[in-house]
Amino acid sequence: MKNDIKYLLTLAAFFCINAVVWACPTCEKQQPKITQGITHGGGPASNWDWVIIAVITLITILTLIFSLKFLIKPGEKNTDHIKQSILNN
């Protein structure tokens with residue numbers, strides 16, 4: 001029963017968020033071709049906005065890559081490292 005409620009709440013949240021995330025028709029007309037239908041607002045005002053978007057995207061992708069890398073293969077081999085006390089128990 002609890003799993004059914006969690007499933008329904010997750011499904012409802014997904015549909016609510018999905019409706020809020022996409023741009024409205026008015027905002028969609030003001031956006032450049034590359035971001036049409038994705039974001040709200042008037043779009044980037046200058047080329048500096050595109051530079052900022054590119055830097056933020058690069059930081060996000062690097063963060064994802066490094067977090068997955070260190071999650072999958074941390075590389076810490078010291079026998080006195082804190083994780084060894086957890087793994088050896």
Under the rule for side chain to side chain contact (heavy atoms under 4.5 Å, CB included), what residues qualify as partners of [X], not counting sequence neighbours?
{"X": "Ile59", "value": "Val55, Thr63"}
{"X": "Ser46", "value": "Trp48, Asp49"}
{"X": "Ile56", "value": "Ile52, Thr60"}

Is Asn47 atom CG crowded by more than 12 heavy atoms from other residues, nucleotides or ligands, each under 6.0 Å away?
no

Clusters formed by hydrophobic residues whose side-chain heavy atoms approach within less than 4.5 Å: which one holds Ile65, and what are its other members?
Ile61

Linking directly or through intermediates, with side-chain heavy atoms under 4.5 Å: list the remaining ILVMFWY members grouped with Leu62, chain and number order.
Leu58, Phe66, Phe70

Using side chain to side chain donor-acceptor pair (under 3.5 Å) as the criterion, list what pairs up with Asp80, not counting sequence neighbours.
none

